[in-house]
There are 2 protein chains.
Amino acid sequence: MLNFKTKTASKITRLSIRQIDYWDRTHFIKPSVHEASGYGSMRLYSFNDLVQLKLAKTLLDKGVSLQKIRKAIIYLRKNMSEVKKPLLEIRFLTDGETIFVLTKNQKKIIDTLKSGQLVFSIALGEIVENLKGEVLTIQRERRYDVEVKGKKYSVILYADTDSDGYRMKCFSIHGCTSRGDSVEEAIEKIKEEIAKHLYYPKPAISKGGKQ
Amino acid sequence: MLNFKTKTASKITRLSIRQIDYWDRTHFIKPSVHEASGYGSMRLYSFNDLVQLKLAKTLLDKGVSLQKIRKAIIYLRKNMSEVKKPLLEIRFLTDGETIFVLTKNQKKIIDTLKSGQLVFSIALGEIVENLKGEVLTIQRERRYDVEVKGKKYSVILYADTDSDGYRMKCFSIHGCTSRGDSVEEAIEKIKEEIAKHLYYPKPAISKGGKQ
DNA sequence: CATTATAAATACATTAATGTATTTATAAAT
DNA sequence: ATTTATAAATACATTAATGTATTTATAATG
């Protein structure tokens, strides 16, 4: 079960941290896993929350007012306990003024104020798939602790931007990196690199006075 | 020399009317052809103004704050008296935090607050070309007066959404429309249609009491 | 030309979103 | 375990943008 802190949710949905903050405070989209509880506490959003955030952002980008978007999200929330396949076939149509929801068996108008020409179609399934991809990308950047000669080293794993593999970098040993086609391979390689450094340490680069 | 009223500028740039209004009032992007001068007056924007509006919108969509965008627009305004070819090679790079301007001979940082990864490239030339296309599309919808049997009829010309032609509709004669591959053809055809209607008038559709 | 209808700006208020300093939970270092 | 550093929420203020009623210029009609 994946949970996301505010910063990660911001990265994934391309909403600003402050906007997500504002939306929580105004009871629009709240972190369903763990609510904010004071300075330094941590909100935790579920994948379903991300879907809501992203749908809201998408509608906002199409010029729909926040008040109308609130209604769309309420509809979505009422009709989904979990993003299951049938719900992936929901499609939202909007021209910036009107929001329609198209499902398999009915067409529902969420909010109508002025008649207008429908120009945008937003498929919930596409939002979900796109978010899954984003989550995968973010997941690829994570920290591992590897053990070499009885000692633990902190390394970071991230996606190799030039190919489909993975890169690793050791925090405490400058210049100690590895690459692999899989996570496991990159881990093995970074271990070897760390071991090499233990045999032939390179001169540490001074960071100035701060030691 | 093309001038645009606020509503048209809004359509072309995809900014809201209120946002354009706010930007004028806050002395961000003012209508250079004719300024607002009271209730019911009319702002008139030049094509150059549209370029500024669209650049601002584009940067805004990339997450750049309005204050920083103001600086970019000031730079653009200082360096262009008219959107000429050399200036079309300007490119703005931004990650939402920093704005770079790349020109042929120099790289200039407009605003730097935090280092970040540059991810978006916005070519002024592309903005201009896109706006020209939008202007052409909007221009296609316009009013003409045609003369049939010594009498003038108001008709509207608009783009045919199903093909590359033009459609015309006569305001005062219900059901009187025409289509042509060119504007001239559509005009000839609507004249013929109007003449037919004069010979065989169809029953006018009552509009209720209002006559 | 006069009257009516419509479009556009204005005035004022409200909502939406962001900036910034501060507090405190959480992570990292020792 | 304790201390330090960092991240995240909060408090408060400000900017950005929008809503809505009103005024008046402009367009349309007779």
Side-chain angles (χ1 to χ4, degrees), chain A residues 3-11 14-31 34-45 53 56-57 59-61 63-70 96-97 113-114 142-143 145 152-154 156 171-172 207 210-211, chain B residues 3-11 14-31 34-45 53 56-57 59-61 63-70 96-97 111 113-114 142-143 145 152-156 171-172 207 210-211:
Chain A
N3 305 319
F4 307 90
K5 294 196 287 190
T6 307
K7 187 168 181 180
T8 308
S10 162
K11 259 188 173 171
R14 302 243 178 16
L15 290 159
S16 71
I17 290 172
R18 296 294 283 109
Q19 200 166 11
I20 295 177
D21 182 31
Y22 175 73
W23 285 356
D24 176 22
R25 290 172 187 286
T26 48
H27 306 286
F28 174 33
I29 298 175
K30 302 193 76 70
H34 193 269
E35 298 224 356
S37 52
Y39 288 110
S41 67
M42 212 169 309
R43 296 178 172 115
L44 281 183
Y45 292 87
L53 288 171
K57 164 91 168 130
L59 287 167
L60 209 45
D61 289 344
V64 184
S65 75
L66 196 64
Q67 289 305 315
K68 292 176 187 170
I69 296 172
R70 283 175 181 258
E97 304 272 357
L113 288 185
K114 295 173 201 165
R142 63 199 313 180
R143 250 191 68 250
D145 285 332
K152 282 207 186 139
Y153 294 87
S154 232
I156 188 170
F171 278 125
S172 50
K207 286 225 172 174
K210 267 199 195 168
Q211 182 84 336
Chain B
N3 305 319
F4 307 91
K5 293 195 286 190
T6 307
K7 187 168 179 179
T8 307
S10 163
K11 261 190 176 172
R14 305 261 181 356
L15 290 160
S16 71
I17 290 173
R18 297 293 284 107
Q19 201 166 11
I20 294 176
D21 181 29
Y22 176 73
W23 285 358
D24 177 24
R25 289 171 188 286
T26 48
H27 306 285
F28 176 33
I29 298 175
K30 303 194 77 70
H34 193 267
E35 299 223 356
S37 52
Y39 289 109
S41 68
M42 214 170 307
R43 296 179 170 112
L44 280 181
Y45 291 88
L53 289 171
K57 164 90 166 128
L59 287 166
L60 209 46
D61 287 346
V64 184
S65 74
L66 196 65
Q67 289 306 316
K68 291 176 188 170
I69 295 172
R70 284 175 180 258
E97 306 271 357
D111 199 290
L113 289 184
K114 296 173 197 164
R142 61 197 316 180
R143 247 191 71 249
D145 284 335
K152 283 206 185 144
Y153 294 87
S154 236
V155 301
I156 187 170
F171 278 123
S172 51
K207 287 223 172 179
K210 270 198 190 165
Q211 180 87 338

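Here is how names work: the chains are called A, B, and so on, in the same order as the sequence lines, proteins then strands, and each is numbered from 1.
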Please state how far atom CD1 in B:I69 lies from atom P in C:dG19, giving the value in whole angstrom units.
11 Å
For A:I17 and D:dA9, give me the distance from atom CD1 to atom P, rounded to whole Å.
8 Å
A:D21 vs A:T6 side-chain heavy atoms within contact, under 4.5 Å
no
Interatomic distance, B:I69 atom CD1 to B:L60 atom CG [nearest 0.5 angstrom]
4.5 Å
Of the non-hydrogen atoms in A:P31 and A:L44, which two are nearest, and what is the gap between them?
CB-O, 3.3 Å
Between B:R14 and B:K57, the two heavy atoms sitting closest are O-CE, 3.2 Å
Distance, rounded to the nearest Å, where A:K11 contributes NZ and D:dA7 contributes P:
12 Å
Does a side-chain N or O of A:R43 approach OP1 or OP2 of D:dT10 to a distance below 4.0 Å, or not?
yes
Before giving the answer on side-chain contact (heavy atoms from CB on, under 4.5 Å), spell out for B:L15 and B:Y22 the whole-Å C-alpha distance, their side-chain angles and the decisive distance to 0.1 Å.
CA-CA 11 Å; B:L15 290 160; B:Y22 176 73; over 6 Å; no
Below 4.0 angstrom from OP1 or OP2 of D:dA8, is there any side-chain N or O of A:K5?
yes
If I take atom CG in residue A:N3 and atom C1' in nucleotide C:dT26, what distance separates them, rounded to the nearest angstrom?
16 Å
For DNA chain C, whose closest nucleotide is more 5', that of A:R18 or that of B:R18?
B:R18
Show the nearest heavy-atom pair for residues B:G38 and B:S41, with the distance to one decimal.
O-OG, 2.6 Å
Atom pair distance, as rounded to whole Å: CZ in A:R25 and P in D:dA11:
7 Å
Here the distance between atom C1' of C:dA17 and atom CD1 of A:I20, to the nearest Å, is 13 Å
Gap between atom CZ of B:R25 and atom NZ of B:K30 - 0.5 Å precision:
9.0 Å
Using a 3.5 Å cut-off on both pairing distances, which stems of three or more Watson-Crick or G-U pairs include DNA chain C?
C:1-30 with D:1-30
Of the listed nucleotides (C:dA9, D:dA9, C:dG19), which one gets closest to any side-chain atom of A:T6?
D:dA9
Taken to the nearest whole Å, CG/A:D24 to P/C:dA17 is 14 Å
Does B:N3 reach the side chain of B:H34, with side-chain heavy atoms less than 4.5 Å apart?
no
Return the value, rounded to whole Å, for the distance between atom CE of B:M42 and atom C1' of D:dT23.
15 Å
Scan nucleotides 14-16 of chain D against the protein and return all N/O pairs shorter than 3.5 Å with their distances rounded to 0.1 Å.
unit_1: D:dA16; atom_1: OP1; unit_2: B:Q67; atom_2: NE2; d: 2.7
unit_1: D:dA16; atom_1: OP2; unit_2: B:Y22; atom_2: OH; d: 3.3

Check whether any side-chain heavy atom of B:T8 lies under 4.5 Å from a side-chain heavy atom of B:Y45, and answer yes or no.
no
Measuring to OP1 and OP2 of D:dA17, would you say a side-chain N or O of B:S16 lies under 4.0 angstrom away?
no
